Amino acid sequence: MANLTLVIGNKNYSSWSLRAWLMLKQTGVAFEEVRIALDQPDTATRIRQYSPSGRVPVLLDGDLVLWESIAIGEYLAEQYPEAGLLPKEKTARAIARAVSAEMHSGFLALRQQLPMDCRTRHQNWQIAPAVQQDIDRITQLWQQCRAQFRHQDGDDSGWLFGDLTLADAMFAPVASRFVTYGVQLDPASQAYVDTIWALPAMQDWLTAAAAELEVIEAHKL
Ligand SMILES: N[C@@H](CCC(=O)N[C@@H](CS)C(=O)NCC(=O)O)C(=O)O
């Protein structure tokens, strides 16, 4: 096994895995990937072989076993500072942590009612009021971050804090949900979704998700 291993779930369905995977990709270091299909009879047993919480993602780095996507992001930011997973400037770094934590702990209506399903496209999906509230808060966050922290020299990379950080990885599954469920967005938010979509690592993930064979009914996720 390589020194660095990321244990993940199905690429089509596992939103937390996508977050950690994008963060790890951003470091540029080589890593081994262990994919455990969710919702199978042996899923719990297989995940428990690696994960004390019984959930994925899990990062294995030598003797370290690290669960929770947000902790994985913080660890990678510390281990590989050159990857820029946290903004260099103190205020930007604090806000990047705040928006990441808000994503990690919040937006339950969106997460429950619009589960990630990368390869599927729905038309005329009815957005419940509670989901719309989550969408409004998320797009407000995106706009605030982009207005306050984007590159000030006119070079607009499209990311929330100028360059890609762990906050963008935290929102990548939201972009996928917006595409899957055909969520109508204001132009600035749509442009941000397009930025995430165009990231080569995101494209690699989506291609792999489309090639997976397992189907999990949405209500089980
Ligand atoms: N708070 C955790 C959430 C992890 C999580 O819920 N992972 C799901 C997959 S996306 C899981 O492992 N589910 C176990 C299962 O379905 O058996 C994190 O941020 O990593």
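We're numbering straight along the sequence, starting at 1. What you see is a predicted model; the values in this text were computed from it and never measured. Excluded from the calculations below are hydrogen atoms, water molecules and symmetry mates; all remaining heavy atoms, backbone and side chain alike, are included.
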Open item on the list: Assess whether a salt bridge exists between K11 and E214, defined as any Lys/Arg side-chain N lying under 4.0 Å from an Asp/Glu carboxylate O.
Closed with: no
Open item on the list: Can you tell me if L64 has over 12 outside heavy atoms packed within less than 6.0 Å of its CG?
Closed with: yes
TODO: State, without any angle test, whether Q190 and D186 hold a side-chain donor-acceptor pair at a distance under 3.5 Å.
DONE: no
Open item on the list: Keeping T5 on the side-chain end and L59 on the backbone end, is there a donor-acceptor pair under 3.5 Å?
Closed with: no
Open item on the list: A quick test of your reading: do over 12 heavy atoms of other residues, nucleotides or ligands sit less than 6.0 Å from CH2 of W205?
Closed with: yes
Task: Closest contact, heavy atoms only, A167 versus F161 - done: CB-CE1, 3.7 Å
- [ ] Report the C-alpha separation of F149 and L160 in whole Å, then their side-chain angles, then the decisive distance to 0.1 Å, and conclude whether the side-chain contact (heavy atoms from CB on, under 4.5 Å) test is met.
- [x] CA-CA 7 Å; F149 300 110; L160 296 179; over 6 Å; no
Open item on the list: Starting from L114, can I reach L108 by hopping between I/L/V/M/F/W/Y residues whose side chains sit under 4.5 Å apart?
Closed with: no
TODO: Any chance you could lay out the side-chain contact (heavy atoms from CB on, under 4.5 Å) test for I196 and W159, step after step, and finish with the verdict?
DONE: CA-CA 8 Å; I196 292 176; W159 300 110; 3.9 Å; yes
TODO: Would you name the heavy atoms of L38 and I47 that are closest together and state the gap between them?
DONE: CD2-CD1, 4.0 Å
Open item on the list: More than 12 heavy atoms of other residues, nucleotides or ligands under 6.0 Å from CD of E82: yes or no?
Closed with: yes
Task: Test ring-ring contact (aromatic ring centres under 6.0 Å, His included) applied to F178 and Y192, F171, W142, W197, the passing residue - done: W142
- [ ] Spell out, yes or no, whether I95 and L141 are grouped together once hydrophobic residues are joined by side-chain heavy atoms under 4.5 Å, including indirect joins.
- [x] yes
TODO: Inspect the contact between R55 and E68 and indicate whether a charged nitrogen and a carboxylate oxygen are less than 4.0 angstrom apart.
DONE: no
Task: Considering all heavy atoms, the nearest R19-A169 contact - done: CG-O, 3.3 Å
Open item on the list: Any donor-acceptor pair under 3.5 Å linking the side-chain atoms of T207 with those of D204?
Closed with: no
Open item on the list: What's the separation between atom CD in E212 and atom OH in Y13, rounded to the nearest 0.5 Å?
Closed with: 8.5 Å
Task: Cluster link L18 to I70, ILVMFWY, side chain under 4.5 Å - done: no
Task: Residue pair Y75 / D61, side-chain donor-acceptor N/O under 3.5 Å - done: yes
TODO: Look only at the side chain of S14 and the backbone of N10, and say whether a donor-acceptor pair between them is shorter than 3.5 Å.
DONE: no
- [ ] Mark yes or no for whether R93, through its side chain, and P87, through its backbone, hold a donor-acceptor pair below 3.5 Å.
- [x] yes
Open item on the list: Using the rule side chain to side chain donor-acceptor pair (under 3.5 Å), only one of R146, Q140, Q143, Q184 pairs with S189; which is it?
Closed with: Q143
TODO: Would you give the length of the straight line joining atom CD of Q79 to atom CD1 of I72, rounded to the nearest 0.5 angstrom?
DONE: 13.0 Å
Task: Flag, side chain of T27 to backbone of L24, donor-acceptor distance under 3.5 Å - done: yes
